[in-house]
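Scroll down for the structure; my scribbles are underneath it.
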Amino acid sequence: MKGLLIKDIFQKKPLNNEITIKGWIRTKRESKNFCFTEVNDGSCMKNLQVIIDDNLDNYNDIIPLITTGASIEISGNIVESPGQKQSIELHATKVKVIGTAPADDYVLQKKRHTFEYLRTIAHLRPRTNTFGAIARVRNAMSYAIHKFFQERNFIYVQTPIITSSDCEGAGEMFQVTTLPMENIPINDKKIDYSKDFFSKKASLTVSGQLEGETYACALGNIYTFGPTFRAEHSNTTRHLAEFWMIEPEMAFCDINENMDTAEEFLKYILTYVLENCPEDMDFFNTRIDNTIINNLQNIIKDKFIRIKYTEAIEELTKSKVDFEFPVKWGIDLQSEHEKFLTENVYKKPVIITDYPKEIKAFYMKMNDDNKTVRAMDVLVPRLGEIIGGSEREDNEKKLINRIKEMNLNPDDYWWYLELRKFGSIPHSGFGLGFERLIQFITGMQNIRDVIPFPRAFKSIDF
RNA sequence: GCUCCUAUAGCAUAGUGGUAGUGUUCCUGGUUGUUACCCAGUGUGGCGUAUGUUCGAAUCAUACUAGGAGCGCCA
């Protein structure tokens, strides 16, 4: 698409210049001899108001075709607008309807639609204000993520999407196979994977962390940013079967530096979006959640709370609140506990560290107490866990012990263990769900509305 | 996987036993400056699907389907 964007027109205000725009009609207000219409080209939230009057040769032909959703090319002069709601407007000298949108079956009319309904028309919902704003914010965040890491000399690493390690322990996996489902080869009553494409069982990745560690143990600091797949039957407003995850892994880095990076990272992204998407953020603040901008500003300003798991348990016990899941040392923190800490006790993000080893993954570094591991979860109000990370166990013998304790087979992790055998280093990293971060920033309630085409349990319509 | 809620015209909703209203969109007419434009008017559904209870069912019951919220799992 060449030519001026509506975003640029509002910025540069090229008064009394002949310009051409291309976009889609959002609304039309008709009078006897002229009509107002508003055009949006996706470059910004704002529509450009266009005045079309009956001096145009083809006025009577085009007016019936100018309906909500029609695509259009308009040339004309930018002038100051006498109206209150916009600074400038376009007086059309030439109007060409490119694609019509018959109003009797174009379902996306100029009115409010529920998000539930818009989910059933995922191919049209990017044409709405909300989903346009989400797309632009999502784009800005993607850029900011790379910018943050690149400015700090992190190397961007692409870890595989198809993986053979079905024992990463991060969740149920989608199997990848070319075996014929109607005639699966059997050998000794078991599926004969030697006949499969990779000649062993393969799945979609649930995390690039283990592969990421290999590059961190060679290049220093690295990060990944790519799709991740979980075949869990999760049915919530914050789970997807296909989502995007950011996973930095840092060499010569302990749990404290890990927390510093996580906090700095979150604040950087929030700041970037507030500075670069003010119009879209205003929209979210007005229409979705009128506390969102204020909250984000406070989060940027304040230091995150950092407490150990044991202190969190004490805090919850002290509260005397009657939780559905009773609190005692050793339990995994439930949503209600996390929400209580972030929303009632501290009213800001909380980083909890040093969890009991029993409730965390095998690769997390054991503390000297032999009871807790150097895990860290960043919890935020409203959403709960947004980041999960840890310092990694860098001692080969301890790691083998942990693998065995979890009833896993060390042979499956031979290359991962060799990172500890040859030039082992303290290293740390974390995983951050991209869509959850978008929810956090925009205030959107359902994660299915912050990804263009959501995939979830029993749901893949587009 | 568990619990709860919902299902009425294109969209959003009212209607708790006697054969459906309202808003909005669309459409028609009017309006030289509107901006969720305004004013007037026309049209649209038989109430998710199935079975049952009843003289009679959007309205009660059961099942199924779809959607939503919460929980668990996690990012």
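Here is how names work: the chains are called A, B, and so on, in the same order as the sequence lines, proteins then strands, and each is numbered from 1. These numbers come from the heavy atoms of this one structure, side chains and all, not from hydrogens, waters or symmetry mates. What you are looking at is a predicted structure, and each value in this text was computed from that prediction instead of being measured.
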>> As a test of the definition: with a 90° window around 0 for syn, would you call A9(B) syn or anti?
In response: anti
>> Measuring from the side chain of Met245(A) (C-beta onward, heavy atoms only), which nucleotide among C26(B), U24(B), A75(B) has the closest atom?
In response: A75(B)
>> Students often get this wrong, so: under 4.0 angstrom with heavy atoms, is Gly83(A) touching a base, only sugar-phosphate, or nothing?
In response: base
>> Roughly how many Å apart are U16(B) and C39(B), using the C1' atom of each and rounding to a whole number?
In response: 39 Å
>> Checking Arg26(A) against Asn129(A): is there a side-chain donor and acceptor pair closer than 3.5 Å?
In response: yes
> ring-ring contact (aromatic ring centres under 6.0 Å, His included) with Phe149(A): which of Phe265(A), Tyr156(A), Tyr268(A)?
Replying inline: Phe265(A)
>> Please report the distance separating the P of U53(B) from the corresponding atom of C11(B), rounded so that it comes out in whole Å.
In response: 33 Å
> Looking just at side-chain N and O atoms, do Glu247(A) and Ser207(A) make a donor-acceptor pair shorter than 3.5 Å?
Replying inline: yes
> For Gln86(A), which contact category applies under a 4.0 Å heavy-atom criterion: base, sugar-phosphate, or nothing?
Replying inline: base
> Base, sugar-phosphate alone, or nothing: which one does Ile387(A) contact when heavy atoms must sit under 4.0 Å apart?
Replying inline: sugar-phosphate
> Could you state the NZ-P distance from Lys85(A) to G33(B), rounded to the nearest angstrom?
Replying inline: 17 Å
>> Can you say whether a donor on the side chain of His113(A) sits under 3.5 Å from an acceptor on the base of C11(B), or the other way round?
In response: no
> Step by step, would you call Phe340(A) with Phe323(A) a ring-ring contact (aromatic ring centres under 6.0 Å, His included)?
Replying inline: CA-CA 10 Å; Phe340(A) 185 78; Phe323(A) 292 108; 5.4 Å; yes
>> Closest-nucleotide mapping onto RNA chain B: is Gly433(A) or Asn33(A) further toward the 5' terminus? I mean the 5' end.
In response: Asn33(A)
> Does G29(B) adopt a syn or an anti glycosidic conformation, taking syn as a chi angle within 90° of 0?
Replying inline: anti
>> What is the distance, to the nearest angstrom, from the CZ atom on Arg29(A) to the P atom on U32(B)?
In response: 16 Å
>> It should be established whether Gln334(A) places a side-chain nitrogen or oxygen under 4.0 Å from OP1 or OP2 of nucleotide C73(B).
In response: yes
> Does a distance-only test, which skips hydrogens and angles, find a donor-acceptor pair under 3.5 Å between the side chain of Ser335(A) and the base of C71(B)?
Replying inline: no
> Checking all strands, does Arg238(A) fall into the base, sugar-phosphate, or nothing category for heavy-atom contacts under 4.0 angstrom?
Replying inline: base
> CG of Asn446(A) versus C1' of G70(B): gap in Å, rounded?
Replying inline: 13 Å
> Would Arg152(A) count as a cation-pi partner of Phe148(A), with NZ or CZ less than 6.0 Å from the six-membered ring centre and within 45° of the ring normal?
Replying inline: yes
> Which listed nucleotide (U25(B), A75(B), C71(B)) is nearest to the side chain of Gln109(A)?
Replying inline: U25(B)
> NA contact type, Phe36(A), heavy-atom cut-off 4.0 Å: base, sugar-phosphate, or nothing?
Replying inline: base
>> Work out how far the C1' atom of G70(B) is from that of U28(B), and round it to whole angstrom.
In response: 48 Å
> Does Ile9(A) offer a backbone N or O that forms a donor-acceptor pair with the side chain of Lys12(A) under 3.5 Å?
Replying inline: no
>> I'd like to know if Glu89(A) reaches the base of G33(B) with its side chain such that a donor and an acceptor end up less than 3.5 angstrom apart.
In response: yes
>> For a quick check, tell me whether the side chain of Glu30(A) and the base of U31(B) share a donor-acceptor pair closer than 3.5 Å.
In response: no
> Which parts of residues 452-462 of chain A get close to RNA chain B, meaning a heavy atom less than 4.0 angstrom away?
Replying inline: none
> A9(B) and G48(B): how far apart are their C1' atoms, nearest whole angstrom?
Replying inline: 14 Å
> What is the nucleic acid contact for Asp332(A), judged by heavy atoms within less than 4.0 Å: base, sugar-phosphate only, or nothing?
Replying inline: sugar-phosphate
> Under 4.0 Å between a side-chain N or O of Thr114(A) and OP1 or OP2 of A12(B)?
Replying inline: yes
> Base, sugar-phosphate, or nothing for Glu324(A), non-hydrogen atoms under 4.0 angstrom?
Replying inline: nothing
> Does any donor atom in the side chain of Asn77(A) or Asn16(A) lie under 3.5 Å from an acceptor atom in the other side chain?
Replying inline: no
> What is the base-pairing partner of G21(B), counting Watson-Crick and G-U wobble geometry with both distances under 3.5 Å?
Replying inline: U13(B)
>> Rounded to whole Å, how long is the line connecting atom NE2 of His233(A) with atom C1' of U3(B)?
In response: 18 Å
>> Regarding Leu240(A), tell me which of base, sugar-phosphate or nothing describes its non-hydrogen contacts under 4.0 Å with the strands shown.
In response: base
> How far does the P atom of A36(B) sit from the matching atom of G72(B), given to the nearest Å?
Replying inline: 43 Å
> Which nucleotide, in any strand shown, forms a Watson-Crick or G-U wobble pair with A66(B), with both distances under 3.5 Å?
Replying inline: U6(B)
> What class does the angle between the rings of Phe462(A) and His123(A) fall in, given that below 30° is parallel, 30 to 60° is tilted and above 60° is perpendicular?
Replying inline: parallel
> When rounded to the nearest Å, what value does the distance between C1' atoms of C38(B) and U6(B) take?
Replying inline: 37 Å
> So what does Ser81(A) touch, heavy atoms closer than 4.0 Å: a base, only the sugar-phosphate, or nothing?
Replying inline: base
>> Suppose you measure atom P in U3(B) against the same atom in C55(B); what distance do you get, rounded to whole Å?
In response: 35 Å
> Phe243(A) has a side chain; which of G70(B), A75(B), C73(B) sits nearest to it?
Replying inline: A75(B)
> Will you find, in the side chains of Gln150(A) and Tyr223(A), an N or O donor that is under 3.5 Å from an N or O acceptor?
Replying inline: yes
> Can you tell me how far P of A12(B) sits from CZ of Arg112(A), to the nearest Å?
Replying inline: 10 Å
>> Between Phe325(A) and Ala103(A), which residue's closest nucleotide on RNA chain B lies nearer the 5′ terminus?
In response: Ala103(A)
> Rounded to the nearest Å, what distance is computed from the CZ atom of residue Arg230(A) to the P atom of nucleotide C74(B)?
Replying inline: 9 Å
> With both distances under 3.5 angstrom, what nucleotide forms a Watson-Crick or G-U wobble pair with G41(B)?
Replying inline: C27(B)
> Which nucleotide sits closest to the side chain of Lys111(A): A75(B), U24(B), C26(B)?
Replying inline: U24(B)
> Considering only U34(B), C71(B), C73(B), which nucleotide approaches the side chain of Lys339(A) most closely?
Replying inline: C71(B)
>> Rounding to an integer number of Å, can you tell me how far Lys32(A) NZ sits from C39(B) C1'?
In response: 15 Å
>> Students often get this wrong, so: under 4.0 angstrom with heavy atoms, is Thr236(A) touching a base, only sugar-phosphate, or nothing?
In response: base
> Rounded to whole angstrom units, what separation is found between the CD1 atom of Ile121(A) and the P atom of G10(B)?
Replying inline: 14 Å
> How about Tyr416(A) and Glu213(A): does a side-chain donor come under 3.5 Å of a side-chain acceptor?
Replying inline: yes
> Can you find a side-chain donor-acceptor pair between Thr291(A) and Arg382(A) that sits under 3.5 Å?
Replying inline: no
> Rounding to the closest angstrom, what is the interatomic distance between G67(B) and U8(B) at atom C1'?
Replying inline: 15 Å
